[in-house]
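A short worksheet on the structure shown next.
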Amino acid sequence: MKQISKLFVVSLLSGATTLGAYKLLFDSNGYFSSNKQEITTLAPESYGRQVNLAAENIDFTVAADKTIHTVVHVKNVSVRNVSNPIMEYFYGYGGQQQQEQVGTGSGVIISEDGYIVTNNHVVKDASDIEITLNNKKTYKAKLIGTDSKMDIALLKIDADEKLPYSTFANSDSVKVGEWVLAVGNPYNLTSTVTAGIVSAKARNLDTRGIQSFIQTDAAVNPGNSGGALVNTRGELIGINTMISSMTGSYVGYSFAVPSNNARKIIEDIMEFGNVQRGILGVEGGELNGTASKELGVIQTQGFYINKVAKNSGAEKAKLQKGDIIVKLDNQDIATFADLSGYVNTKRPNDKIQVTILRDNKSMIVPVVLSKNESFSTDFKGMELENINADDKKRFKLNYGVKIKDISNENLAQYSEELKGNIIISIDNVKATDVETVSKILNNKDERQSTRIEMITKNGEIIRIII
């Protein structure tokens with residue numbers, strides 16, 4: 001009898017527990033009730049199902065088909081002198097022999113009549129250039145012009161047909177995270193296509209030339225140099241130029257010259273025969289948390305003006321030390337690469353609207369860009385300017401900065417000997433132009449000594465330390 005009573009009590013408790021749990025969870029006010037007031041945030045039903053977020057939802061075939069026929073293989077042949085020490089030792093001659101070298105890369109057709117853009121380093125020092133189209137036809141190419149600073153070269157072939165070509169897109173409109181295709185013809189097979197996204201814009205790799213790369217994770221290897229970076233519509237947004245790698249092969253990131261910069265260089269070469277560069281005429285550096293704290297400014301993004309160049313557009317527009325550039329026209333400026341990348345798309349005498357912060361107040365100042373040759377800077381009491389065409393011809397140079405005037409009291413007695421000399425290196429760094437020199441000196445403590453190598457007016461090379 002006692003056993004039956006125990007079983008009855010257990011059954012009763014189990015039933016009560018089950019009923020209570022049901023009421024708690026599923027009744028009108030239970031936890032799983034549809035009438036229960038929500039106390040948590042739920043993701044919408046469409047979460048994770050948006051169109052075009054994944055690669056499988058994007059059709060790359062149209063862009064690839066438009067581009068592969070416009071990308072070519074570039075073969076360059078150069079001849080260099082090499083020494084033969086054995087012949088020279090035994091016979092006293094034959095020390096120099098000519099040796100043929102072959103380099104390869106890619107290029108992009110940009111007009112139906114055969115203009116092709118590639119990298120300058122792909123065709124540098126070439127005595128013979130051969131182009132192979134995607135249909136295997138080959139042509140001899142003529143070098144129209146180059147810009148070593150931005151690593152762009154323009155070629156021309158005379159084909160027997162109208163050629164497919166790539167159209168330029170506005171690279172300023174490219175978004176980080178946007179899908180892109182990298183197309184190259186590295187091994188003279190047919191054009192190859194890889195896909196990735198834009199990882200960053202206005203990437204500064206401190207190459208003393210290009211300061212504003214588009215960075216992508218699309219696979220690019222050395223033979224792809226000069227190839228096309230296109231958006232999903234097949235429009236050209238960049239010229240693939242380099243990779244960042246310890247091994248020389250692709251390891252995750254590659255870089256392209258933005259199409260706006262490449263197009264401007266090409267147009268300059270075709271119209272003027274050389275590149276026309278406009279100069280804003282300011283020196284300084286980009287802001288960040290550390291720099292802003294040292295300078296005592298609140299703003300942590302933008303370009304801080306430390307000095308305004310004489311006779312520049314910036315000086316005429318009354319920009320001054322302490323101004324912070326935050327926008328050029330409609331382009332936001334957060335870094336030096338943003339600034340240099342945008343200015344490099346402009347020519348001398350172009351007017352741009354410069355938005356600055358002065359005393360924490362925003363203002364817009366119109367600035368007419370100066371010509372590169374008129375840009376000068378002052379270094380330790382020496383006023384420097386870029387060398388002109390006459391200087392290049394006279395000294396057989398294609399780079400250098402000229403000492404225009406001396407205001408340093410310690411150098412005053414040597415003023416006549418120094419004025420007119422051409423500085424070719426500073427601290428063993430090539431003095432390409434005033435812009436490069438300014439950047440070198442901005443990163444240098446003025447209290448440190450500086451080693452300068454120069455060519456005198458008589459053509460002698462001298463070295464001084466100041």
Side-chain angles (χ1 to χ4, degrees), residues 148-149 204-211 277 279-288 290-291 294-295 303-312 314-315 319-322 335-337 339-340 343 370 372-388 391-392 394-466:
S148 59
K149 182 174 183 179
N204 183 359
L205 300 183
D206 194 25
T207 62
R208 302 194 195 103
I210 310 166
Q211 302 290 349
R277 285 199 170 87
I279 299 296
L280 188 59
V282 295
E283 300 175 32
E286 62 186 59
L287 293 175
N288 53 43
T290 303
E294 291 177 353
L295 293 167
F303 183 85
Y304 181 87
I305 298 177
N306 189 50
K307 189 175 183 180
V308 178
K310 295 179 181 179
N311 303 319
S312 67
E315 183 188 53
L319 293 184
Q320 60 190 41
K321 179 179 180 179
T335 65
F336 174 73
L339 184 143
S340 63
V343 172
S370 314
N372 190 36
E373 282 74 18
S374 64
F375 184 49
S376 62
T377 189
D378 185 81
F379 166 61
K380 290 191 174 183
M382 293 190 297
E383 187 177 343
L384 309 177
E385 63 180 359
N386 286 324
I387 59 175
N388 55 34
D391 292 326
K392 291 178 181 179
R394 178 185 172 191
F395 294 101
K396 297 180 180 179
L397 293 170
N398 57 8
Y399 71 94
V401 294
K402 188 175 184 177
I403 301 175
K404 185 178 180 181
D405 201 3
I406 299 291
S407 59
N408 186 329
E409 293 181 0
N410 296 327
L411 298 175
Q413 58 182 320
Y414 308 108
S415 176
E416 293 305 315
E417 288 86 352
L418 290 174
K419 282 196 296 185
N421 290 355
I422 309 297
I423 295 176
I424 55 177
S425 73
I426 296 178
D427 289 337
N428 296 320
V429 177
K430 192 175 180 179
T432 308
D433 50 30
V434 170
E435 295 171 271
T436 304
V437 170
S438 296
K439 190 172 182 182
I440 296 170
L441 302 178
N442 283 334
N443 295 325
K444 188 178 179 65
D445 190 333
E446 289 189 0
R447 293 170 295 184
Q448 294 177 318
S449 61
T450 302
R451 178 185 173 91
I452 298 176
E453 185 176 23
M454 67 179 72
I455 297 178
T456 68
K457 295 184 286 289
N458 297 324
E460 299 176 356
I461 295 179
I462 63 171
R463 297 170 182 87
I464 64 172
I465 297 177
I466 61 174

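Residues: numbered from 1 along the sequence shown.
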Side chains of residues 411-425: which donor-acceptor pairs under 3.5 Å do they make with residues two or more places apart or in other chains?
unit_1	atom_1	unit_2	atom_2	d
N421	OD1	K457	N	3.2
N421	ND2	E417	O	3.0
S425	OG	E453	OE1	3.1

State, to 0.1 Å, how close [X] and [Y] come at their nearest heavy-atom pair, and which atoms those are.
{"X": "T456", "Y": "F395", "answer": "O-CE2, 3.3 Å"}
{"X": "S340", "Y": "A337", "answer": "OG-O, 3.5 Å"}
{"X": "S312", "Y": "G281", "answer": "OG-O, 3.5 Å"}
{"X": "N311", "Y": "K404", "answer": "ND2-NZ, 4.5 Å"}

Item to complete: Using modelled atom types only, decide if a donor and an acceptor are shared between the side chain of N288 and the backbone of T290 within a distance under 3.5 Å.
Response: yes

Fill in: Short side-chain to backbone donor-acceptor contact, N386 and V401, under 3.5 Å
no

Can you tell me how far apart [atom1] ([X]) and [atom2] ([Y]) are? Round to the nearest 0.5 Å.
{"X": "R463", "Y": "R451", "atom1": "CZ", "atom2": "CZ", "result": "6.0 Å"}
{"X": "E283", "Y": "F303", "atom1": "CD", "atom2": "CZ", "result": "8.5 Å"}
{"X": "K396", "Y": "I455", "atom1": "NZ", "atom2": "CD1", "result": "11.5 Å"}

Practice prompt. Decide yes or no on side-chain contact (heavy atoms from CB on, under 4.5 Å) for V308 and K321, but give the supporting numbers first.
Written response: CA-CA 7 Å; V308 178; K321 179 179 180 179; 6.0 Å; no

Worksheet item: Between T450 and I465, does a side-chain contact (heavy atoms from CB on, under 4.5 Å) hold up when you go through it step by step?
Response: CA-CA 5 Å; T450 302; I465 297 177; over 6 Å; no

Practice prompt. Check whether any side-chain heavy atom of Q320 lies under 4.5 Å from a side-chain heavy atom of I305, and answer yes or no.
Written response: no

Worksheet item: Do D391 and K402 pass the side-chain contact (heavy atoms from CB on, under 4.5 Å) test, and can you show the C-alpha distance, the side-chain angles, and the key distance before you say yes or no?
Response: CA-CA 9 Å; D391 292 326; K402 188 175 184 177; 3.5 Å; yes

